Asks: 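Have a look at the structure that comes next, please.
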Amino acid sequence: MNHIKRSYKVLGDYNSAYEFLKSEYTLLHLNSMMLPQFFEYAHTHPAFNHKLTHRMSLWEENEKIVGLCGYEMNIGEAYLICDNNHIALLPEMLHEAEQKLSIKTEKGYQLVVSVMNSQKKHINLLKDNGYSFSYSEPVRIYRFENGFPELSLPDGFVCHSLEGELDFEKLNRCIWRGFNHTGPVEYDIDAQKHYLGFHRQFHPIPYVRSY
């Protein structure tokens, strides 16, 4: 297999990595929940660790990406995505993730690897390498062809488009409450300008190994 492994370069590789994730997306496996949209969202999020993106890895064949090992927000987590013709790369990708993406805890090094329950080869590889099941959560998909219900607002409420108004404090409050946060609204104007400027229109099963 004539493949080349190299570090991810966020400025030069983002577009090709995004297109790779799009090309490998299926409803069955969902890219181990590293969806193209999540990849994009993370890269523009204030919590995203831009300083360690070089620890992500790419596998290429004939200058085309065939595998990606990376994190969504920060090290300590890993997603192993490869095309169907390069499943044999999974052990190498897992080793790379352990070397570059694991974090040190009081009990030793730890890495959380997220997979879908349909990815039997991923799951068997993790079990064979000492990983244990941590938790699962449902993935819900709504099909647009089913249509959308007609909804009406209670008396006294109206909808306003935010397209013509970029009030960062108001937007931040909407998002804070929309995610069901409690307590006073946290507001960092610099962080929110960066985040909300990218998103004006708001339209997995982890396995853990400690060693």
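Position 1 is the first residue of the sequence, and the numbers go up from there. Keep in mind it's a predicted model, so treat the numbers as computed, not measured.
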Asks: Compare every heavy atom of L80 with every heavy atom of A97, then report the nearest pair and how far apart it is.
Replies: CB-CD2, 4.2 Å

Asks: For residues 19-30, run the donor-acceptor check on the side chains, cut-off 3.5 Å, and write out each pair with its distance to 0.1 Å, sequence neighbours left out.
Replies:
residue : atom : partner : partner atom : Å
S23     : OG   : F20     : O            : 2.7
T26     : OG1  : H29     : N            : 3.1
H29     : ND1  : S118    : OG           : 3.0

Asks: Less than 4.5 Å apart, side chain to side chain, heavy atoms only: is that true for V185 and R177?
Replies: yes

Asks: Does a side-chain heavy-atom distance below 4.5 Å link L68 with Y79?
Replies: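 No, every pair of side-chain atoms sits at 4.5 Å or beyond.
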
Asks: What pair of heavy atoms forms the shortest contact from P91 to A88, and how long is it?
Replies: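 In this case the closest contact between P91 and A88 is CD-O, 3.3 Å.
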
Asks: Using only atom types and a distance under 3.5 Å, with no angle test, would you say the side chain of T105 pairs donor to acceptor with the backbone of K107?
Replies: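 Checked: pair present.
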
Asks: Under the criterion side-chain hydrogen bond (donor to acceptor under 3.5 Å, both in side chains), which of H3, E92, H86 is the partner of W59?
Replies: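 Looking at H3, E92, H86, the match for W59 under the side-chain hydrogen bond (donor to acceptor under 3.5 Å, both in side chains) is E92.
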
Asks: Side-chain contact test, heavy atoms from C-beta onward, threshold under 4.5 Å: evaluate it for E40 versus Y14 and give yes or no.
Replies: yes

Asks: Does C82 reach the side chain of I87, with side-chain heavy atoms less than 4.5 Å apart?
Replies: yes

Asks: Atom CG in L94, atom CG in L111: separation rounded to 0.5 Å?
Replies: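 Rounded to the nearest 0.5 Å, the CG-CG separation comes out at 7.5 Å.
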
Asks: Side chains of Y8 and C69: closer than 4.5 Å at any heavy-atom pair?
Replies: no

Asks: I want to check something: taking the side chain as every heavy atom from C-beta on, are L52 and Y71 in contact at a cut-off of under 4.5 Å?
Replies: yes

Asks: Just how far is it from atom CG of L35 to atom OH of Y18, taken to the nearest 0.5 Å?
Replies: 10.0 Å

Asks: Applying side chain to side chain donor-acceptor pair (under 3.5 Å), name anything that partners T53, two or more places apart in sequence or on another chain.
Replies: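 Partners of T53 under the side chain to side chain donor-acceptor pair (under 3.5 Å) test: none.
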
Asks: Looking at V10, is its backbone amide N or carbonyl O close enough to the side chain of H54 to form a donor-acceptor pair, meaning the two atoms are under 3.5 Å apart?
Replies: no

Asks: Please find out if less than 6.0 Å separates the ring center of F48 from that of Y41.
Replies: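 No, they do not, as the ring centres are separated by 6.0 Å or more.
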
Asks: How far does CD1 of I4 sit from CG of L58, to the nearest 0.5 angstrom?
Replies: 11.5 Å

Asks: Donor-acceptor check, side chain of H45 to backbone of M73, threshold 3.5 angstrom: yes or no?
Replies: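 No; zero donor-acceptor contacts below 3.5 Å.
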
Asks: In terms of side-chain heavy atoms, does E96 have a donor or acceptor partner in S57 at a distance below 3.5 Å?
Replies: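 There is such a pair between these side chains.
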
Asks: Does E106 have more than 12 heavy atoms from other residues, nucleotides or ligands lying within 6.0 Å of its CD?
Replies: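 Counting neighbours around CD of E106, 12 or fewer heavy atoms of other residues, nucleotides or ligands fall under 6.0 Å, so no.
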
Asks: With under 30° as parallel and over 60° as perpendicular, where do the rings of Y142 and F148 fit, or are they tilted in between?
Replies: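 Ring orientation of Y142 relative to F148: tilted.
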
Asks: May I have all residue pairs that pass salt bridge (Lys or Arg N to Asp or Glu O under 4.0 Å) and include part of residues 69-90, sequence neighbours excluded?
Replies: none

Asks: Should the heavy atoms of other residues, nucleotides or ligands under 6.0 Å from NE2 of H95 be counted, would the total exceed 12?
Replies: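 12 or below, so no.
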
Asks: From K104 NZ over to I75 CD1, what is the distance, rounded to the nearest 0.5 angstrom?
Replies: 13.0 Å

Asks: What distance separates S114 OG from Y135 OH, expressed to the nearest 0.5 Å?
Replies: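 Spacing of OG (S114) from OH (Y135) equals 6.0 Å.
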
Asks: State the OG-CE distance between S7 and M56, to the nearest 0.5 angstrom.
Replies: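 Separation between the atoms: 11.0 Å.
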
Asks: Side chains of N31 and P36: does their closest heavy-atom pair fall under 4.5 Å?
Replies: yes

Asks: Counting N and O atoms only, with roles assigned by atom type, does the side chain of K120 sit under 3.5 Å from a partner on the main chain of N117, one being a donor and the other an acceptor?
Replies: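 The answer is yes, because a donor-acceptor pair under 3.5 Å joins these two groups.
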
Asks: Are any side-chain N or O atoms of Q119 and backbone N or O atoms of M116, one a donor and one an acceptor, separated by less than 3.5 Å?
Replies: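 Such a contact is found between Q119 side chain and M116 backbone.
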
Asks: Is F38 linked to I141 within one hydrophobic cluster, defined over Ile, Leu, Val, Met, Phe, Trp and Tyr using a side-chain heavy-atom separation of less than 4.5 Å?
Replies: yes

